[in-house]
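Data first, discussion second: the structure below is written as structure tokens.
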Amino acid sequence: MIPLKSQHEIEIMQVNGGILSDVLEGVKLLAKPGASTLELDQFAEDGIRRAGAVPAFKGYRGYKATLCCSINSEVVHGIPSSKRKLLEGDIISLDIGLKKDGLFADMAVTIPIGQVKSEVRNFLDVAEQSLWAGIRQVVPGNRLGDISNAVQRQAERHGYSVVRDYVGHGVGRQLHEEPVLPNFGPAKTGPRLEVGMVLAIEPMVNMGGYAVRVLDDGWTVVTVDGSLSAHFEHSVAVTERGPMVLTNRSEVTNKGDVLPA
Ligand code: MF3
Ligand code: CO
């Protein structure tokens, strides 16, 4: 069963998503050459706790941090460390989640550190657009596969690949709920989207091949071919009017707007 959220629960998730997005905005400002990923993690944890929320990843299956910081060929689940300093020209995926009032929010962005080559900039733009291609399919009556397929087509159209071994998910009273949401697969398949479902859509897009492996730390996922990887995630509610992105900045865009058709 895919859990459905009430209007009230979605309003709470929208507040939580706004807090999460605001904290992440601060983390992004700190992500400059010379900063360590542990400094980013500490800022993120402080910000979440100051808002009266709890980091969602800390303690999850033994994970020890608030953020996942995945640099260059790291795909997801990079562990923050005082020894890992950001360098000009890196890209970093910042993945963050929180729980407040019994409900989770989950999001990620990948950003350049200082100047990056134009082909890298283009890669990041395409990866982010693949998330938005998926979000546009979040309409009642569409099927889960319509999201997966839209993400995959957008990434592959530009010659990039989508990771197969990690997927998006439902989000709500648990960080990971049904359904499992692959970033690839056929359209017009899978369960129908219903008002009240909330999905964490999170494409992981590789510049080279889609194969990944886990490092000996038991967490860090990297591309097998060493190519760059980008990761973007939003928590998105299905409403009768279309997709409502919950993890938008609180004071800027998170007014309960849905995407125009
Ligand atoms: N945002 C990721 C997810 O949705 C990261 C969670 S893994 C954790 O699955 F262990 F770090 F929590
Ligand atoms: Co997630």
Side-chain angles (χ1 to χ4, degrees), residues 2-3 5 13 16-17 19-21 23-24 27-28 37-38 40-42 44-45 47-49 53-71 74-81 84 92-100 103-111 127-128 130-132 134-135 138 144 147-148 151 162-184 197-206 212-222 229-238 243 245-248:
I2 300 176
K5 281 82 187 175
M13 292 186 77
N16 294 355
I19 293 168
L20 190 66
S21 179
V23 173
L24 182 55
V27 176
K28 284 159 70 176
T37 54
L38 188 66
L40 306 186
D41 187 70
Q42 284 167 349
E45 179 167 0
I48 286 172
R49 293 199 191 278
V54 187
F57 304 163
K58 203 166 189 169
Y60 183 86
R61 298 186 179 206
Y63 191 72
K64 292 210 171 354
T66 294
L67 282 182
C68 298
C69 296
S70 308
I71 299 171
E74 297 170 358
V75 179
V76 286
H77 304 167
I79 305 168
S81 161
R84 192 70 190 267
I92 182 171
S93 156
L94 302 163
D95 190 352
I96 185 168
L98 65 72
K99 182 183 190 180
K100 188 171 182 290
L103 289 156
F104 285 90
D106 188 7
M107 74 181 302
V109 294
T110 304
I111 58 167
E128 184 165 19
S130 76
L131 168 60
W132 285 96
I135 291 172
V138 178
L144 207 64
I147 302 174
S148 306
V151 170
V162 293
V163 169
R164 306 299 202 253
D165 296 358
Y166 297 84
V167 294
H169 51 94
V171 58
R173 302 225 163 250
Q174 308 292 330
L175 176 61
H176 296 142
E177 298 182 347
E178 283 187 58
V180 162
L181 175 45
N183 296 297
F184 59 95
M197 290 179 180
V198 182
L199 302 169
I201 309 174
E202 52 176 318
M204 289 141 272
V205 179
N206 295 351
V212 300
R213 67 189 175 89
V214 181
L215 296 185
D216 288 340
D217 64 17
W219 281 102
T220 313
V221 178
V222 298
S229 187
H231 178 211
F232 289 88
E233 176 175 21
H234 273 306
S235 302
V236 184
V238 185
V245 178
L246 302 172
T247 40
N248 273 331

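When a ligand or atom number is given, it counts from 1 through the structure's own listing order. Quick note: residue numbers are just sequence positions, from 1.
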Given that the side chain starts at C-beta and the backbone is N, CA, C, O, which of these parts of Arg61 lies under 4.0 Å from ligand 1, counting heavy atoms, or is it both or neither? neither

Give a yes/no answer: is there an N/O/S atom of His176 under 2.8 Å from the Co ion (ligand 2)? no

Less than 3.5 Å apart, any donor N or O on the side chain of Ser235 or Asp106 sitting next to an acceptor on the other? no

Residues Arg173, Glu177: salt bridge by 4.0 Å N-O rule: no

Using 0.5 Å steps for rounding, measure from the CG atom of Leu94 to the OG1 atom of Thr37. 9.5 Å

Can you tell which part of Asp106 has a heavy atom less than 4.0 Å from ligand 1: side chain, backbone, both or neither? side chain

Arg61 side chain vs Gly59 backbone, donor-acceptor pair below 3.5 Å: no

Vertex the Co ion (ligand 2), rays to OE2 in Glu202 and OD2 in Asp106 - rounded to 10°: 170°

Using a 4.0 Å cut-off to any heavy atom of His169, which atoms of ligand 1 qualify? 3 (C), 4 (O)

At a non-hydrogen distance cut-off of under 4.0 Å, which region of Ala108 contacts ligand 1 (side chain, backbone, both, or neither)? neither

Nearest-contact summary for atom 9 (O) of ligand 1 - protein heavy atom, Å: His176 NE2, 2.6 Å

Is any side-chain heavy atom of Ile19 closer than 4.5 Å to a side-chain heavy atom of Ser21? no

Polar contact flag, side-chain donor to acceptor under 3.5 angstrom, His231-Glu202: yes

Heavy-atom contact check, 4.0 Å cutoff: does Lys58 meet ligand 1? no

Compute the shortest N/O to N/O distance between Trp219 and ligand 1 and return yes if it is under 3.5 Å, no if not. no

Which ligand 1 atoms, with their elements, are less than 4.0 angstrom from a heavy-atom of Glu202? 3 (C), 4 (O)

So for Phe57 against ligand 1, with non-hydrogen atoms under 4.0 Å, the contacting part is both

Could you tell me whether the side chain of Val180 reaches within less than 4.5 Å of the side chain of His169, counting heavy atoms only? no

Proximal heteroatom of His169 relative to the Co ion (ligand 2) (N/O/S): NE2

Hey, is the main chain of Ala65 close enough, under 3.5 Å, to the side chain of Asp41 for a donor-acceptor pair? no

Centres of the His176 and Tyr60 rings: under 6.0 Å? yes

With respect to Tyr63, determine whether any N or O atom, backbone or side chain, lies less than 3.5 Å from an N or O atom of ligand 1. no

Would Thr247 and His234 count as a side-chain hydrogen bond (donor to acceptor under 3.5 Å, both in side chains) if you check the C-alpha gap in whole Å, the side-chain angles of each, and the deciding distance to 0.1 Å? CA-CA 6 Å; Thr247 40; His234 273 306; 2.7 Å; yes

Atoms of ligand 1, numbered as shown, that sit under 4.0 Å from any heavy atom of Glu233: 1 (N), 4 (O)

Considering only protein heavy atoms, which is closest to atom 7 (S) of ligand 1, and at what distance to one decimal place? His77 NE2, 3.6 Å

Without swapping roles, check the side chain of Asn16 against the backbone of Leu103 for a donor-acceptor pair under 3.5 Å. yes

Please name the atom of Glu233, restricted to N, O or S, that is closest to the Co ion (ligand 2). OE2

Please write down residue, atom name and distance for the protein heavy atom closest to atom 2 (C) of ligand 1. Asp95 OD2, 3.1 Å

Compute the minimum heavy-atom distance from Cys68 to ligand 1 and say whether it is under 4.0 Å. yes

